[in-house]
Chemist: 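The structure follows.
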Amino acid sequence: QSDSTYFGSWNWMKSRGGFSGATITPQSEGYAIRIELSPDSIYTVSRSGELPISKRFSIRHETLPHSSDPVDIISFPDDPVRLSAAIGLLGRDTLKLVDQYMDGYTSYYLREM
């Protein structure tokens, strides 16, 4: 897939994982999250009631140690806190982000039309 596949605005639907393997949603947590991936490599995340945060991102295609199938990886070179995640689409309208660390989350976002 090309980077342009992921461009656009996405609304958080749910996340699964963490230490307990829980599923969290906007309803269970009391806030919404919207992310935007722009063609100029800017990732903007907006959480209900907070100012948006923007940072640079890059997407590369690579094979991970635990899989033989190559995947797209989104990373944030200027942000030492936000680690990389596997990124992919389920169908045309669902974005999947998989944290690349132990006890991370798999998060799903619906494309904003």
Side-chain angles (χ1 to χ4, degrees):
Q1 306 204 33
S2 73
D3 291 1
S4 64
T5 303
Y6 306 116
F7 295 156
S9 299
W10 304 88
N11 294 303
W12 178 49
M13 295 187 303
K14 66 182 173 184
S15 298
R16 290 187 188 139
F19 180 71
S20 65
T23 296
I24 59 174
T25 66
Q27 295 76 21
S28 69
E29 301 306 296
Y31 58 82
I33 296 175
R34 179 179 176 268
I35 60 174
E36 183 174 344
L37 297 161
S38 71
D40 56 347
S41 298
I42 301 295
Y43 172 98
T44 302
V45 60
S46 305
R47 183 174 156 165
S48 301
E50 297 179 7
L51 293 174
I53 298 171
S54 295
K55 58 187 99 178
R56 298 202 64 73
F57 75 89
S58 64
I59 296 176
R60 63 190 184 282
H61 198 68
E62 66 180 60
T63 302
L64 301 175
H66 60 278
S67 173
S68 60
D69 296 326
V71 296
D72 287 337
I73 299 292
I74 186 170
S75 58
F76 307 91
D78 300 329
D79 186 348
V81 175
R82 178 68 169 121
L83 301 174
S84 63
I87 186 171
L89 289 182
L90 302 174
R92 291 179 36 221
D93 63 353
T94 302
L95 182 74
K96 179 180 176 182
L97 292 175
V98 182
D99 293 335
Q100 296 299 291
Y101 54 88
M102 194 72 128
D103 296 330
Y105 280 85
T106 298
S107 298
Y108 301 88
Y109 295 82
L110 184 62
R111 187 185 295 272
E112 199 173 272
M113 297 298 172

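The residues of the chain are indexed from 1 along the displayed sequence. Worth saying up front: this structure is predicted, and the values here are computed from it rather than measured.
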Chemist: Tell me whether Glu112 contacts the main-chain N or O of Leu110 through its side chain, where contact means a donor paired with an acceptor under 3.5 Å.
Modeler: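 Side chain of Glu112 to backbone of Leu110, a donor-acceptor pair under 3.5 Å: no, none is there.
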Chemist: Compare every heavy atom of Arg56 with every heavy atom of Pro77, then report the nearest pair and how far apart it is.
Modeler: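 Heavy atoms only, the tightest pair is CD-O, 3.8 Å.
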Chemist: Identify the heavy atoms of Tyr43 and Ile35 that sit nearest to each other, and give their distance.
Modeler: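 Residues Tyr43 and Ile35, closest heavy atoms: OH-CG2, 3.5 Å.
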Chemist: Find out if a path of hydrophobic residues (ILVMFWY) with successive side-chain heavy-atom gaps under 4.5 Å connects Tyr105 to Tyr108.
Modeler: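 Tyr105 and Tyr108: separate clusters.
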Chemist: Does any part of the side chain of Leu89, heavy atoms only, come nearer than 4.5 Å to the side chain of Leu95, both counted from C-beta?
Modeler: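 Sidechains of Leu89 and Leu95: in contact.
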Chemist: If every non-hydrogen atom of Ile73 is compared with every non-hydrogen atom of Ala86, which pair is closest and at what distance?
Modeler: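 In this case the closest contact between Ile73 and Ala86 is CD1-CA, 3.8 Å.
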Chemist: Of all the heavy-atom pairs spanning Arg111 and Thr5, show the shortest one and how long it is.
Modeler: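 Smallest heavy-atom distance, with atoms named: NH2-O, 3.2 Å.
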Chemist: Do any side-chain atoms of residues 13-23 form donor-acceptor pairs under 3.5 angstrom with protein atoms, and if so which ones, sequence neighbours left out?
Modeler:
| unit_1 | atom_1 | unit_2 | atom_2 | d |
| --- | --- | --- | --- | --- |
| Ser15 | OG | Trp12 | NE1 | 2.8 |
| Ser15 | OG | Ser107 | OG | 2.6 |

Chemist: Might you work through the side-chain contact (heavy atoms from CB on, under 4.5 Å) test for Leu37 and Ile74, ending with a clear yes or no?
Modeler: CA-CA 11 Å; Leu37 297 161; Ile74 186 170; 3.8 Å; yes
Chemist: When rounded to the nearest 0.5 angstrom, what is the spacing between CD1 in Ile24 and OH in Tyr31?
Modeler: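 The CD1 atom of Ile24 sits 5.0 Å away from the OH atom of Tyr31.
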Chemist: Following the transitive rule for hydrophobic clusters with a side-chain heavy-atom cut-off under 4.5 Å over Ile, Leu, Val, Met, Phe, Trp and Tyr, establish whether Phe76 and Ile53 coincide in one cluster.
Modeler: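 Both belong to a single hydrophobic cluster.
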Chemist: Would you indicate whether the side-chain heavy atoms of Val45 and Arg47 approach each other to under 4.5 Å?
Modeler: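 No, side chains not in contact.
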Chemist: Could you tell me whether Met113 atom CE has more than 12 heavy atoms of other residues or ligands within 6.0 Å of it?
Modeler: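 Check passes, neighbour count above 12.
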Chemist: Ignoring hydrogens, what is the shortest heavy-atom contact between Tyr6 and Ile87? Give both atom names and the distance.
Modeler: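 Smallest heavy-atom distance, with atoms named: OH-O, 3.5 Å.
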Chemist: Can you list everything that forms a side-chain hydrogen bond (donor to acceptor under 3.5 Å, both in side chains) with Ser38? Sequence neighbours excluded, please.
Modeler: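 Asp40.
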Chemist: Are any side-chain N or O atoms of Ser48 and backbone N or O atoms of Ala32, one a donor and one an acceptor, separated by less than 3.5 Å?
Modeler: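 A pair under 3.5 Å: yes.
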Chemist: Let me confirm one number: the OG1-OH distance from Thr94 to Tyr109, rounded to the nearest 0.5 Å.
Modeler: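 Nearest 0.5 Å value for the OG1-OH distance: 12.5 Å.
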Chemist: Atom CD1 of Ile59 and atom CD of Glu62: how far apart are they, to the nearest 0.5 Å?
Modeler: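 Between Ile59 CD1 and Glu62 CD, I get 12.0 Å after rounding to 0.5 Å.
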